[in-house]
Colleague: 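Mind having a look at this structure? Questions to follow.
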Amino acid sequence: MHYFSRYFLLSDKDNSHTFIPNWRISALRIILATGLMLCFSVLCHTFNAAIKFDLAYVIILSVSFLAAMVSLLIASKKYYVFCSHTLLLCIVAATVSMNLFLSDLNLIKVGSMYMYACPIIALMLLGTRTALFYAILNIIPFYFIINDINLSSLTSISTQLPNADWYISGLIFLFFNVCIPLAVARTIVAAKRLNKTMKESNTYLKDKNELYRTFFTDSTITKLIIDSQLKIIDCNDKARELFNFKDITCYMEVGLHTILPTVKIESKGKRTQIIKYKNTYQSVHCQKVLSSDYYVLRFDDCTEEQKIKQNLSAMELENKRLRYCDGQSHLPNREWFVLQSERLIAKYQRGFYIVVAQSSNSEYLSLKYNKNDSKTLLITSHKRLKAIDALLFCAHIGDGKLAFILNTTPINEPEHKLLDTIKRILDEPYNLRGTKCQQAFLLGFAHYPTQGKDSGNVLNNAIEALKLGNNYKSINRYDEKRSQAFLEKHEISMLLDEALQNGELDMHYQPKVTNEGKCIGLEALARWNSPTLGVVSPAVFIPIAEEYRMISRLTDLVIQKVCAQIEMWANTNTPLVPIAINISLIDFSQTDFMSKLVKYLADFNVKPNQIELELTETSLEANQEHSLSLIQNLQSWGFIISVDDFGVGYSNIARLADYPINKLKLDRSLISQVTTSIRQKSLVKAIHAMCKELNIECVSEGVETKSQVDTMADMGCKEFQGFYFARPLPANEYTKHIEQNGLYFNQQMNKNRNYSI
Ligand code: C2E
Ligand code: MG
Ligand code: MG
């Protein structure tokens, strides 16, 4: 039954044939099936009678129609059109057969009416044109019936089946009452189903329309529908407002690109882009409508966000500019330089030199000229560097320092030739407001990666190397050892500067004695106990004070402290002996040295003959004329003048004869060998003899043993200074000693004393 229903009724939903609807195939099958049953029952029923009356044509016709019905039924789906036409032709053939093989005119007329079923069947199965054709064709049987035309004469068959009228009427009855109504019924069912589907579709469409209205027409979001040719198909009220479409249809004439030339439509997927439309920014979201060529464009006003974004990116840009730019000179700064160097490292992974250049006379220039001029000089130097091909990334890294990268492959000592050229270029005269201005550049350089693990490190090392520069050696390579020492020196100098400011230096006094140990003088020796560094030896801080030009301040402090001490001892009736003060070359070459000294003495009521000045041989030699007049001047005031450390380095006693000095202090290095080396002894003897001639007293410095004292005494030395007699003592210890022992210092006392040095 199920198969029967599936075969004859066929579902209207599942239309496997694209062109032929199932209900037509179904109607054809119903007609063919009922036709087949009719043919079969006629064949069965007429079979005996046909044989009996020798009417073979009846059997042939019945079998032929039966076979035709079966064949058509089988091919009904695959060759639907052919089958439909063949069915109609079969009906025509049946009508013609009845005209040919029946002898009764009335029956022929009835049989001719079979053909009247053709238009309705054709209408059902093939459509109006075929139905019309058969309607017109029906004029022939109609004509035959009206005019009593009989074709049986053509076959010359005079007998017919005894119950032929019964068969003909029965067949007509069944054909018009069962066969056609069944087919029509199937058609009606299909029509009903179609109607139902239509109704459903209408409801669906109505819903869709409602959605369309909600999401498109009445939407508060601007929307446009365009086709694949980018023609606007539809737009909602918001879009009309935005794009100023006055009447409903005017947008249809414009292509999308006429109003929005920058919008890009991608044929496939979704895409969002920001476009500028008049004074607004719109975020355009394009979405393809599934299984159609339409695109929906949705416009969201993002003007505010866009403006904020623009402001932000402008701010970001400005920030970036400020971050990588020196605020004053507007040149690229240190951060920029390090960044570029890091990029270079990352990209090429090869070594290079970082060079830092700075004008050595920038301080002087900034005093002479104003800030703007200094800036102009800096910018000009930067320009000169930038013009040199072999340099990369020239930047101002602060404090007038220009850094750049030497773009050369490392070869032995390549830098100097190129750096000499760079220095020459930088040192060339600058034109400042019409006048020529000279700069002298110092250059420091360090190599990546051998002298620093990253560019920041190498740059710092290049700066360190720069600090090593001076007028004699202006181009310096980074040297770890020198830099370390430099750093230490620098640190000490800063702390010393602070100590001098706060008067933190102490004075120790080392007695100068006769060979019997009687104190006939003292040497004031500076002591520095730094809170940070601890006790720092004068051998360390005195050279630093000289190098960093702090020695004059130190000497001033020492003179003041010594004068204050003399005043104090004078006030406490402590026996006074001359106190020697060490004077450095720098002090001695200062023009106001004399006046300052005299002033300090006056401040503390100290007489010049209470002060001995220890100068070095080099101080005298440095500026002979000046030294000579100064010594003469000092002596005229009554100061005692000694030459310290004689025997260290290049000593020329004959030259000393030119200066009116009072004492010559023989250095410990000479004294220490007089007992062991005969040559040394002879030398010292000769010095003694010469000094005697020149009326210069000899002082043995750094005596540590009795034999040294004896040997020197034998030679005629009358003054001794050394640990053998006494170490340098703080003022209070010295006072205590002479309170207890008088002015005598001898070895025994020395041993018992607990020195604080
Ligand atoms: P100097 O002027 O030749 O001072 C003598 C140095 O020799 C002192 O060292 C002293 O402690 C040391 N000395 C004395 N007797 C002996 C001895 O028997 N054996 C040994 N091994 N050494 C002895 P100090 O105090 O370390 O001073 C070193 C140098 O520092 C001084 O040499 C002087 O040139 C300089 N100096 C010290 N104080 C001052 C100062 O206030 N001003 C200046 N310009 N230089 C100073
Ligand atoms: Mg000395
Ligand atoms: Mg000395």
Side-chain angles (χ1 to χ4, degrees), residues 7-12 15-39 61 64-65 68-100 108-147 149 151 168-198:
Y7 189 78
F8 289 102
L9 297 177
L10 294 168
S11 165
D12 286 326
N15 259 333
S16 50
H17 283 248
T18 1
F19 304 114
I20 319 291
N22 275 350
W23 64 265
R24 279 200 158 148
I25 299 167
S26 186
L28 172 66
R29 283 180 177 174
I30 289 168
I31 296 168
L32 288 171
T34 46
L36 185 146
M37 281 190 290
L38 284 178
C39 291
L61 282 174
S64 306
F65 282 116
M69 291 301 118
V70 172
S71 318
L72 291 178
L73 196 58
I74 292 165
S76 59
K77 195 167 184 175
K78 212 169 178 186
Y79 306 103
Y80 171 81
V81 179
F82 169 78
C83 292
S84 301
H85 282 295
T86 314
L87 171 69
L88 290 167
L89 288 176
C90 283
I91 296 169
V92 174
T95 307
V96 172
S97 306
M98 279 183 239
N99 271 282
L100 286 173
I108 287 169
K109 281 182 180 178
V110 173
S112 298
M113 286 178 200
Y114 270 116
M115 261 186 74
Y116 292 171
C118 282
I120 190 162
I121 293 171
L123 192 65
M124 266 188 294
L125 302 182
L126 293 163
T128 44
R129 271 199 227 162
T130 324
L132 196 67
F133 168 76
Y134 281 101
I136 294 165
L137 193 69
N138 273 342
I139 294 169
I140 299 169
F142 179 71
Y143 179 80
F144 273 38
I145 291 167
I146 289 175
N147 295 308
I149 296 171
L151 297 177
I168 298 301
S169 307
L171 276 175
I172 282 211
F173 174 79
L174 288 172
F175 191 66
F176 282 98
N177 273 296
V178 180
C179 191
I180 290 173
L182 274 177
V184 171
R186 177 64 186 91
T187 312
I188 288 164
V189 167
K192 271 184 184 171
R193 280 180 186 166
L194 192 71
N195 193 32
K196 198 182 160 201
T197 317
M198 290 281 282

Colleague: Which value, rounded to the nearest 0.5 Å, describes the distance between Arg29 atom CZ and Lys77 atom NZ?
Modeller: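 NZ of Lys77 is found 6.0 Å from CZ of Arg29.
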Colleague: Which heavy atom in Pro181 sits nearest to a heavy atom in Phe176, and how many Å separate them?
Modeller: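 Looks like CD-O, 3.0 Å.
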Colleague: So do Phe175 and Ile91 actually touch side chain to side chain, heavy atoms under 4.5 Å?
Modeller: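 Answer yes - side chains close enough.
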Colleague: Give the minimum heavy-atom separation between Arg24 and Leu125, together with the two atoms involved.
Modeller: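 Shortest heavy-atom contact: CD-O, 3.4 Å.
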Colleague: Is a donor on one side and an acceptor on the other found under 3.5 Å between the side chain of Thr86 and the backbone of Phe82?
Modeller: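 Such a contact is found between Thr86 side chain and Phe82 backbone.
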Colleague: Would you say that more than 12 heavy atoms from the other residues, nucleotides or ligands in this model lie under 6.0 Å from the CD1 of Ile120, or not?
Modeller: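 No, not enclosed.
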Colleague: Which distance, rounded to the nearest 0.5 Å, do you find between the CZ of Phe142 and the CG of Asn147?
Modeller: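 Taking CZ in Phe142 and CG in Asn147, the distance rounds to 9.0 Å.
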Colleague: What distance separates Met124 CE from Ile180 CD1, expressed to the nearest 0.5 Å?
Modeller: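 Going from CE on Met124 over to CD1 on Ile180, the span is 6.5 Å.
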Colleague: Kindly compute the distance separating SG (Cys83) from NZ (Lys78), expressed to the nearest 0.5 Å.
Modeller: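 Rounded to the nearest 0.5 Å, the SG-NZ separation comes to 11.5 Å.
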Colleague: When you compare the side chain of Ile145 with that of Met113, does any pair of heavy atoms fall below 4.5 Å?
Modeller: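 A side-chain contact under 4.5 Å exists here.
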Colleague: For Asn138 and Met115, which heavy atoms make the closest approach, and how far apart are they?
Modeller: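 That would be OD1-O, 2.9 Å.
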Colleague: Quick check: closest heavy atoms across Arg186 and Ala27, and the distance to 0.1 Å?
Modeller: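 Smallest interatomic distance, heavy atoms only, reads CG-N, 4.0 Å.
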Colleague: Any side-chain heavy-atom pair from Leu32 and Ser76 closer than 4.5 angstrom?
Modeller: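 Leu32 vs Ser76: side chains touch.
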Colleague: Does any part of the side chain of Phe144, heavy atoms only, come nearer than 4.5 Å to the side chain of Ile108, both counted from C-beta?
Modeller: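 Not touching, per the 4.5 Å side-chain cut-off.
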Colleague: So do the side chains of Tyr143 and Ile149 get within less than 4.5 Å of each other, counting heavy atoms only?
Modeller: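 A side-chain contact under 4.5 Å exists here.
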Colleague: Identify the heavy atoms of Cys179 and Thr34 that sit nearest to each other, and give their distance.
Modeller: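 Distance-wise, the nearest heavy atoms are SG-OG1, 2.7 Å.
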Colleague: Rounded to the nearest 0.5 Å, what separates atom CZ in Arg129 from atom OH in Tyr134?
Modeller: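 So the CZ of Arg129 and the OH of Tyr134 are separated by 15.0 Å.
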Colleague: Counting C-beta onward and ignoring hydrogens, is there a side-chain heavy-atom pair between Ile30 and Ser26 closer than 4.5 Å?
Modeller: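 Yes. Closest side-chain heavy atoms under 4.5 Å.
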Colleague: Answer whether the closest heavy-atom distance between the side chains of Met69 and Leu38 falls below 4.5 Å.
Modeller: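 Heavy-atom side-chain distance check fails, nothing below 4.5 Å.
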Colleague: Quick one: closest heavy-atom pair of Leu88 and Ala122, and the distance?
Modeller: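 Minimum heavy-atom separation between Leu88 and Ala122: CD1-CB, 3.7 Å.
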Colleague: Quick one: are Leu171 and Tyr114 in side-chain contact, heavy atoms under 4.5 Å?
Modeller: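 In contact.
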Colleague: Working to the nearest 0.5 angstrom, can you tell me the gap between Cys90 SG and Ile31 CD1?
Modeller: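 So the gap between those two atoms works out to 12.0 Å.
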